Amino acid sequence: MENHRKLIEQEGFSPKFGDMQAEDFRRYGHELINWIADYFENIEQFPVLAQIKPDWLKDNLPKTAPENGEDFGEILADVDKLILPAVTHWNHPNFHGLFSTSTSSVGIFGELLSAAFDMKAMLWRTSPASTELEEVVLDWLRQIMDLDEGLKGIIYDTASVSTLHAVAAARESLNLSIREIGMSGRDDLPLLRIYTSEQAHSSVEKAILLLGLGQKSLVKIATDEKFRMIPEKLREAIEEDKAKGYLPFCVVATVGTTSTTSIDPIPEIVPICEEHTLWLHVDAAYAGSAAIVPELQDCLKGCERADSLVTNPHKWLFTPFDLSVLYCRHLDLLKRAFALVPEYLKTSETVTNQMDYGIQLGRRFRSLKLWFIMRYFGQQGMIERIREHCRLAKLLASWIEEAEDWEILAPVPFALVCFRACPKNVENLDELNEKIMNLINESGEAYISHTKLNGKFTLRVSIGNIRVEERHIEKLWDLLNKRLELSKH
Ligand SMILES: *Cc1c(COP(=O)(O)O)cnc(C)c1O
């Protein structure tokens with residue numbers, strides 16, 4: 001031991017073999033946690049959007065890796081000097097672009113610990129803790145969201161990948177031997193058709209691309225004045241396709257679309273799916289978290305009849321990226337689509353082996369962080385926080401509605417506000433609103449993003465950061481009004 005220690009002192013910072021010494025790990029670990037605590041405490045002092053020019057970081061880093069190991073303290077110092085300026089601070093309470101992130105400190109502890117275990121959850125035998133905790137935690141979440149008991153959960157990295165697996169299971173349900181003989185080089189397959197709204201997330205189309213269905217398989221159904229799929233149009237499209245000899249097989253409806261958080265009318269879509277025996281997948285990547293709040297649970301009405309549903313705790317349930325949950329009524333179909341067990345992974349237990357339910361072999365121990373979060377906040381703690389975000393969004397919307405120079409452009413069912421400036425004497429409102437957005441984002445004071453609704457350039461403000469308070473929304477409203485004054489001239 002004594003000799004070993006000497007060797008470390010002589011040779012510099014890292015020992016010749018093996019990992020960092022436990023003492024160093026402790027010391028630097030404390031330092032790193034302190035660093036993160038300071039970061040969160042002072043986060044409002046940083047510009048929300050990184051203020052660097054492209055290539056700045058690349059130009060400031062050496063072209064080759066260091067020849068010899070360096071002291072971890074030096075590495076951490078470079079985080080301050082080089083990494084921080086290149087960070088866009090998603091955790092800043094005035095990050096309102098896209099969808100705000102909601103990560104919590106207790107979730108970060110979960111990430112840290114799961115990295116320490118570093119298990120690759122493929123078989124139950126290699127990872128009983130991950131396999132079983134995932135099942136329990138996802139059933140807890142299912143209950144809080146008031147989802148049907150028939151829906152069993154499985155964790156993937158992102159909603160894009162959850163939806164990909166849902167569509168694969170839907171295709172498997174057709175019994176067309178696609179697993180065995182594929183889709184190419186055969187003339188016994190009609191054109192498969194999948195339906196979603198024109199407001200759906202691009203991940204639906206990406207699933208089609210990856211599954212070899214081709215964009216020709218995707219039908220985008222028109223939406224109404226509240227950006228919701230029109231069920232009548234869906235029915236017509238399916239009937240037309242059937243008349244042409246096509247094979248409709250799946251509908252992807254959205255609860256909480258990305259652009260406006262609109263809600264497709266699931267209770268009216270369900271009977272259409274049932275009548276034509278179509279798989280119903282619900283994309284609730286964003287709004288699924290809202291369904292833990294009793295007075296918002298209505299948004300998932302009808303989902304008790306869905307075949308699958310995706311929700312992203314990494315979006316709005318205080319979970320560090322990544323953790324997406326696919327609830328599916330027919331996990332056996334997922335298994336039929338993907339299970340492939342090489343000799344060296346064969347085991348004799350009759351247990352759940354998670355590698356059977358998707359394209360990944362190893363899986364991260366993601367349920368640990370969600371378990372930490374659900375226990376630390378409790379159901380009530382999570383509900384209160386989501387409820388508060390929705391209250392703040394409604395508050396901002398009420399200020400916009402009362403103001404002469406502003407207008408709301410979409411309903412606000414959750415915690416996203418779509419609006420624009422509309423002063424009477426300005427001709428080009430698109431140009432004006434884009435200018436307001438750019439001025440705010442360049443200032444580093446806040447970050448907002450945009451969408452296009454009925455051809456109008458629309459500002460989007462998402463409220464979902466765990467640190468957000470009313471004062472941040474007041475600050476944003478003030479910024480918006482000041483930039484509007486500037487932009488008019
Ligand atoms: C964010 C979002 C997605 C994609 O989420 P990832 O986890 O990044 O793949 C899909 N659908 C909707 C409705 C979303 O809002």
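Every number for a ligand or one of its atoms is a count from 1 in the order of the listing. Owing to the predicted nature of the structure, the values given are computational and were not obtained by experimental measurement.
- Within the 4.0 Å heavy-atom criterion, the part of D283 lying near ligand 1 is the side chain and not the backbone.
- Among all protein heavy atoms, the one lying closest to atom 6 (P) of ligand 1 is A159 N, 3.5 Å.
- Closest to atom 9 (O) of ligand 1 among all protein heavy atoms lies S160 OG, 2.6 Å.
- A donor atom on one side chain and an acceptor atom on the other are not found under 3.5 Å apart for R228 and S262.
- Looking at ligand 1, you'll find an N or O of T258 within less than 3.5 Å of one of its N or O atoms.
- Which parts of ligand 1 touch H201 is read off a 4.0 Å heavy-atom cut-off, strictly below it: atoms 2 (C), 3 (C), 4 (C), 10 (C), 11 (N), 12 (C), 14 (C).
- Set against the non-hydrogen atoms of G256, the atoms of ligand 1 under 4.0 Å away are 13 (C).
- Residue R467 qualifies as enclosed at atom CZ: its count of foreign heavy atoms under 6.0 Å is above 12.
- Ring centroid separation for the pair H92 and Y447 does not come in under the 6.0 Å cut-off.
- The distance criterion of under 3.5 Å between nitrogen or oxygen atoms is not met by F321 with respect to ligand 1.
- Annotation for ligand 1: atoms under 4.0 Å from non-hydrogen atoms of N312 are 5 (O), 6 (P), 7 (O).
- Residues H96 and N94 bring a donor and an acceptor atom of their side chains to less than 3.5 Å of each other.
- Under the 30°/60° scheme for interplanar angles, the aromatic rings of H314 and F321 are found to be tilted.
- Taking the six-membered ring where tryptophan is involved, the planes of H89 and Y39 are tilted, since the angle between them lies from 30° to 60°.
- A distance of 5.5 Å separates CG in L479 from CD1 in I440, rounded to the nearest 0.5 Å.
- Distances below 4.0 Å separate heavy atoms of H314 from the following atoms of ligand 1: 7 (O).
- The nearest heavy-atom contact from the protein to atom 1 (C) of ligand 1 is K315 NZ, 1.3 Å.
- Contacts of A285 with ligand 1, taken as heavy-atom pairs under 4.0 Å, involve the side chain alone.
- In this structure, E135 places its CD atom where only 12 or fewer heavy-atom neighbours from other residues, nucleotides or ligands lie under 6.0 Å away.
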